[in-house]
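Everything numeric here is computed off the predicted structure, so don't read it as measured data.
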Amino acid sequence: MAKNSNVIKVGLKCSECGDINYSTTKNAKKKAEKLELRKYCPRLKKHTVHKETKLK
C-alpha cells in the first residue's frame, strides 16, 4: 500500500499552558488553515483551545 505524502503529523498545543498534549494527522492539501480544537488539558484539568504546531 502506498503512503500518502499529503498527510502530515501535527501536534496540538494548549494555548494557556503551552504544553503539546495531543498529536494527530491532517491532509495538507485539503486543510490549508491551522487546526484549532477545544480539548482537555491534563495540567490545567479543564478544556482549553489547542492550536496546531509542527512535530519533529
Side-chain angles (χ1 to χ4, degrees):
M1 184 179 245
K3 186 174 182 181
N4 190 348
S5 63
N6 297 328
V7 177
I8 58 172
K9 289 184 182 178
V10 295
L12 295 176
K13 182 178 182 179
C14 178
S15 61
E16 291 186 25
C17 72
D19 288 348
I20 298 175
N21 298 321
Y22 299 95
S23 63
T24 187
T25 59
K26 80 169 195 175
N27 188 334
K29 270 192 171 178
K30 291 186 178 183
K31 290 280 188 180
E33 67 274 358
K34 291 194 171 197
L35 288 175
E36 193 170 299
L37 302 171
R38 225 171 125 74
K39 302 284 276 178
Y40 181 77
C41 179
R43 175 182 271 186
L44 300 176
K45 297 183 175 122
K46 63 180 183 176
H47 283 83
T48 59
V49 175
H50 284 67
K51 296 181 181 179
E52 174 188 330
T53 58
K54 287 185 179 179
L55 286 179
K56 292 182 180 180

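Between Thr53 and Leu12 the shortest side-chain heavy-atom distance does not fall below 4.5 Å. Residues Val10 and Thr24 meet the side-chain proximity criterion, which asks for heavy atoms closer than 4.5 Å.
A distance of 3.5 Å separates CD in Glu52 from NZ in Lys26, rounded to the nearest 0.5 Å. Atom CG of Leu55 is separated from atom CD1 of Ile8 by 9.5 Å, given to the nearest 0.5 angstrom. Atom OG1 of residue Thr25 and atom NZ of residue Lys9 lie 9.0 Å apart, to the nearest 0.5 angstrom.
A side-chain hydrogen bond (donor to acceptor under 3.5 Å, both in side chains) check over residues 30-39, counting only residues at least two apart or in different chains, returns nothing. Residue pairs that meet the ring pair (Phe, Tyr, Trp, His ring centres under 6.0 Å) test with at least one member in residues 22-42, sequence neighbours left out, are Tyr22-His50, Tyr40-His47.
No donor-acceptor pair under 3.5 Å is formed between the side chain of Asp19 and the backbone N or O of Asn21. Side chain of Thr48 to backbone of Cys41: no donor-acceptor contact under 3.5 angstrom is found.
Electrostatic pairing of Glu16 and Arg43 does not count as a salt bridge here, judged by no charged N lying under 4.0 Å from a carboxylate O.
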**Request:** Check step by step if side-chain contact (heavy atoms from CB on, under 4.5 Å) holds for Cys14 and Leu44.
**Result:** CA-CA 10 Å; Cys14 178; Leu44 300 176; 4.3 Å; yes
